[in-house]
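Residue numbers count from 1 along this sequence.
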Amino acid sequence: MNDNPIIWLKVLGIAVTQGAITLTWVIYNLYFTKFLVDNFGFSQQLSLWILIIENILEAMIEPIFGAYSDRQKQKIGTPIPIINIGIILSSVLFLAIPAVVIFINPETIWRWLLPAIALIWASATAIFRSPVMALLGNAAPKDKLPQAASILTLASQLIGSFKFDVYGIITDLGANTTFAIGSCSLLIAAAYLRFLYPPQISS
């Protein structure tokens, strides 16, 4: 039996990142259809197609970058650089969603920036989600992975419940503030992971 302990500090870092990812999706799901249909006059059907395309892109991108992060881990001892790139890109694009609504005239062709940025943002999120989950193997031995993974599930469920429990608070904050909170949560999670998993060149 493997007597190696679970490194709970690292599990917490992964859970924080997982929670930040979930939070951005909660915010996105609360606002995006409203932006698309009410603010920019697109059809409800388009929002459904965007959801389908997002799922297809994520299914394609996650395994590609999961494999790339494994190769990066072999070279420098950690997949954190690709995670950081994905998180920074995702944070910037997440802030760009309400910015488009504020600055773009919905009567012009530029309104198509909104669905385009939404799809690119979902793709950017898929870049680092698989590498983040792979970090769990460094935080817990194989026989204790289910126990460690339960913390990630709990974090996602708690944050996911926000859309029911604090819906009014989220909407009262306004789109700009809410999207800024989501973006900052990703950057804080990235900084925490970078502290927990510093680069270590393999011999």
Can you list, pair by pair, the side-chain donor-acceptor contacts under 3.5 Å of residues 11-18, counting residues two or more places apart and other chains?
residue : atom : partner : partner atom : Å
T17     : OG1  : G13     : O            : 3.0
Q18     : NE2  : S156    : OG           : 3.3

Looking at [atom1] of [X] and [atom2] of [Y], how far apart are the two atoms once the value is rounded to the nearest 0.5 Å?
X	Y	atom1	atom2	value
L57	I50	CG	CD1	11.5 Å
L152	L145	CG	CG	10.0 Å
K144	L136	NZ	CG	13.0 Å
I88	L93	CD1	CG	12.0 Å
L51	T33	CG	OG1	8.5 Å
I7	N138	CD1	CG	8.0 Å

Point to revise | Residues in side-chain contact (heavy atoms from CB on, under 4.5 Å) contact with I56, at least two apart in sequence or another chain | key: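 Residues passing side-chain contact (heavy atoms from CB on, under 4.5 Å) with I56: I52, M60.
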Exercise for review: In sequence, state the C-alpha distance, the side-chain angles, and the governing distance for I64 and Y68, and then conclude on side chain to side chain contact (heavy atoms under 4.5 Å, CB included).
Suggested key: CA-CA 6 Å; I64 292 172; Y68 177 77; 5.7 Å; no
Check your understanding: In terms of ring plane angle, is the pair F32 and Y28 parallel, tilted or perpendicular, where the classes change at 30° and 60°?
Key ->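 The rings of F32 and Y28 lie parallel, inter-plane angle below 30°.
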Side-chain heavy atoms of [X] within contact of [Y], under 4.5 Å:
X	Y	value
I85	I127	no
K10	L135	no
I27	F94	yes
F179	T24	no
D70	P79	no
L193	N84	no

Review point. How would you list all residue pairs meeting salt bridge (charged side-chain N to carboxylate O under 4.0 Å, His left out) that involve residues 33-61, not counting sequence neighbours?
Key: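 As it turns out, the salt bridge (charged side-chain N to carboxylate O under 4.0 Å, His left out) pairs with a partner in residues 33-61, which skip direct neighbours, are E58-R129.
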Kindly list each side-chain donor-acceptor pair under 3.5 angstrom involving residues 96-108, sequence neighbours excluded, with atom names and distances?
residue : atom : partner : partner atom : Å
N105    : OD1  : E107    : N            : 2.9
T108    : OG1  : N105    : O            : 2.9
T108    : OG1  : W110    : N            : 3.4

Point to revise | Ring centres under 6.0 angstrom apart (F40, W112) | key: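 Ring centroids of F40 and W112 are no less than 6.0 Å from each other.
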Could you go through residues 180-192 and list every donor-acceptor pair under 3.5 Å that involves a side-chain atom there, pairing it with any protein atom two or more places apart or in another chain?
residue : atom : partner : partner atom : Å
S183    : OG   : S91     : O            : 3.1
S185    : OG   : G182    : O            : 2.6

Review point. Checking side chain to side chain contact (heavy atoms under 4.5 Å, CB included) for the pair L89/W121: CA distance, chi angles, key distance, verdict?
Key: CA-CA 8 Å; L89 181 60; W121 170 73; over 6 Å; no
**Study point:** Hydrophobic cluster identity match, L119 and L48, side-chain contacts under 4.5 Å
**Key:**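 In one cluster with L119: L48, no.
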Exercise for review: Check the hydrophobic clustering (I, L, V, M, F, W, Y; side-chain heavy atoms under 4.5 Å; chains of links allowed) and say if L95 and L114 are grouped together.
Suggested key: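 No.
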Practice item. For the pair S130 and F65, evaluate side chain to side chain contact (heavy atoms under 4.5 Å, CB included) and give the outcome as yes or no after the intermediate values. Key: CA-CA 7 Å; S130 180; F65 280 91; over 6 Å; no
Review point. How far apart are the C-alpha atoms of I151 and W8, what are their side-chain angles, what is the distance that settles it, and do they pass the side chain to side chain contact (heavy atoms under 4.5 Å, CB included) test?
Key: CA-CA 10 Å; I151 303 299; W8 288 110; 3.6 Å; yes
Check your understanding: With no hydrogens and no angle check, is any side-chain donor or acceptor of S90 less than 3.5 Å from a backbone partner on G86?
Key ->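 Absent.
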Check your understanding: Is it true that a side-chain atom of S69 and a backbone atom of G66 form a donor plus acceptor pair closer than 3.5 Å?
Key ->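 Answer holds: yes.
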Review point. side-chain hydrogen bond (donor to acceptor under 3.5 Å, both in side chains) with N176: which residues, sequence neighbours excluded?
Key: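 Residues passing side-chain hydrogen bond (donor to acceptor under 3.5 Å, both in side chains) with N176: none at all.
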